[in-house]
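Both counts, for ligands and for their atoms, begin at 1 and track the order of listing. For the numbers below, each heavy atom of this structure counts, side chains included, while hydrogens, waters and symmetry mates do not.
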Amino acid sequence: MRAVICEKWGGPGELKVAEVAPPALADGAVRIRVMAAGVNFADTLMIAGHYQLKPPFPFSPGLEVAGEVTECAPGITRTRVGERVLAFTGHGGFAEEAVTAEANVYPIPSAMDFVTAAAFPVVYFTSHFGLANLVRLVPGETLLVLGAAGGVGLAAVEIAKRLGATVIACAGGKEKTAVARDHGADHVLDYRAEDIRQQAKALTGGLGVDAVFDPVGGEAFTAALRGTAPGGRILVVGFASGTIPQIPANILLVKNVTVIGYSLGGHRKRDPELADRSLDEIFAWWAEGALKPRISRTLPLADAAEALEALAGRKSTGKIVLIPRIGDNDP
Ligand SMILES: NC(=O)c1ccc[n+]([C@@H]2O[C@H](COP(=O)([O-])OP(=O)(O)OC[C@H]3O[C@@H](n4cnc5c(N)ncnc54)[C@H](OP(=O)(O)O)[C@@H]3O)[C@@H](O)[C@H]2O)c1
C-alpha cells in the first residue's frame with residue numbers, strides 16, 4: 001500500500017510517500033480501507049517528536065480516518081466487514097490502509113460522505129465532549145474561543161452555538177474572523193489587532209466571559225484568563241502557539257476560576273459510554289444542519305507535507321483532508 005512515511009524527527013519536508021507492507025492486524029483490531037484522512041496540528045508535533053506519543057520509526061502520521069472496514073480480528077462483534085466508519089488511529093492514518101482497535105471505530109451515518117467523516121473525529125468530538133461534559137456550558141453563557149478559525153476552534157464555535165451559548169471568536173486576521181462569523185460566532189475579535197481582555201469585558205457588560213476554549217496557549221491564555229468572569233471555567237485544549245502558559249494561581253484564587261486540563265483520549269478510555277453519547281449527539285446535530293464542517297482543502301497523500309506546513313504556518317482554516325485514493329471516493 002502507499003503511505004506517508006516518517007523516518008526521523010523533523011518538519012513536513014522530511015516526509016516521503018512510499019510503497020510499504022500493510023500494517024498487521026492486531027488482536028481486537030479492525031482494518032480500514034482509508035478513503036479520507038483528517039490532518040491535525042498534532043501531526044506536525046508528532047513528526048517533530050514533540051507529541052506525547054512517539055511511535056517507533058518508520059511510521060505514518062495521521063490521527064483520524066474515514067473509510068470501509070475490510071477485515072476484523074477474531075472475536076470482534078460490534079464492527080463488521082463492509083461497514084462505513086470513522087476512526088481514531090493514534091498514528092498511521094496517512095495511508096491506504098489503517099489498523100486500529102475496535103474501541104476507536106464508530107459507524108457513520110449513511111448520508112455522510114467519507115471526506116466529511118474524516119473531518120469529524122478529532123475536532124467535533126473534542127469540542128463537544130469538552131464543552132458539554134467538562135465545561136458544562138449552558139444556554140445563555142458566553143464562551144470565548146481562541147484559534148476560532150482553526151480545526152478544533154471552529155468546531156467549538158459551532159458546538160457552543162448549538163448548546164445555546166453566545167460565542168466570542170478570536171482569530172488572527174480579518175479573513176479568519178470572517179470564517180468564524182460564517183460558522184455562527186456572535187462576536188469576532190482579531191487578536192492580532194485587538195486586546196482580548198478588554199474586548200471580553202466590553203462585550204459582557206464588564207463582567208468577563210463565563211468560559212474559555214483554548215487550543216492556543218501562550219499570551220492568549222493569560223489575556224483570556226484576565227477577561228474571564230468570577231466563577232468562570234477555562235478548558236486547556238492545546239498549545240498551538242508553541243508556548244505552554246504558566247498560570248498565575250493568584251488570579252484563579254481571587255476570581256474562583258477553574259482551569260480544566262483536557263485530553264479527549266483519556267476521557268474516551270475512562271468513559272466510553274459517555275463518549276458514545278457525545279458522538280451520537282454530534283451526528284444528530286450534523287443531520288439537523290447545525291454543524292457544517294469546513295473542509296478548506298482536499299489533497300492527495302503526496303501533498304501531506306504541504307498540508308502540514310499550512311497548519312504549522314497558521315495558514316489553514318477549518319480542516320484539511322487527505323485522500324489516499326483519488327478518483328475512488330464518494331461522489
Ligand atoms: N486536548 C485534546 O484532546 C485536543 C484535541 C484536538 C486538538 N488539540 C490541540 O489543539 C490545538 C489546535 O489543533 P488544530 O488541529 O485545531 O490546529 P489548527 O487547525 O492548526 O488550529 C490552530 C489555531 O491556532 C492558532 N495559532 C496561534 N498561534 C499559532 C502558531 N504559532 N502556529 C500555528 N497556529 C497558531 C491559529 O489561529 P490564528 O492564526 O487565528 O491564531 C490556528 O488556526 C493543537 O495544539 C492540538 O494538539 C487537543
Output block, N or O contacts of ligand 1, threshold 3.5 Å exclusive:
| from | atom 1 | to | atom 2 | distance (Å) |
| --- | --- | --- | --- | --- |
| ligand 1 | 1 (N) | Val237 | O | 2.9 |
| ligand 1 | 1 (N) | Tyr262 | O | 2.8 |
| ligand 1 | 3 (O) | Leu264 | N | 2.9 |
| ligand 1 | 15 (O) | Phe41 | N | 3.1 |
| ligand 1 | 16 (O) | Gly151 | N | 3.3 |
| ligand 1 | 16 (O) | Val152 | N | 2.8 |
| ligand 1 | 19 (O) | Gly151 | N | 2.8 |
| ligand 1 | 31 (N) | Ala240 | O | 3.4 |
| ligand 1 | 32 (N) | Ala240 | O | 3.3 |
| ligand 1 | 39 (O) | Lys176 | NZ | 2.6 |
| ligand 1 | 39 (O) | Arg314 | NE | 2.7 |
| ligand 1 | 40 (O) | Gly172 | N | 2.7 |
| ligand 1 | 41 (O) | Tyr191 | OH | 2.5 |
| ligand 1 | 41 (O) | Arg314 | NE | 3.3 |
| ligand 1 | 41 (O) | Arg314 | NH2 | 3.0 |
| ligand 1 | 45 (O) | Phe239 | N | 3.3 |

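Salt bridge status for Arg294 with Asp182: absent, with no side-chain N to carboxylate O gap under 4.0 Å.
Relative ring orientation between Phe88 and Tyr106 is described as perpendicular, the plane-to-plane angle rising above 60° on a 0-90° scale split at 30° and 60°.
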Between Tyr124 and Glu158, does the side chain to side chain donor-acceptor pair (under 3.5 Å) criterion hold? Intermediate values first, please.
CA-CA 9 Å; Tyr124 281 103; Glu158 292 188 343; 2.6 Å; yes
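Atom CD of Glu194 is surrounded by more than 12 heavy atoms from other residues, nucleotides or ligands within 6.0 Å.
For the atom pair CG of Leu86 and CD1 of Ile108, the computed distance is 6.5 Å after rounding to the nearest 0.5 Å.
The backbone N or O of Gly62 sits less than 3.5 Å from a side-chain atom of Asp43, completing a donor-acceptor pair.
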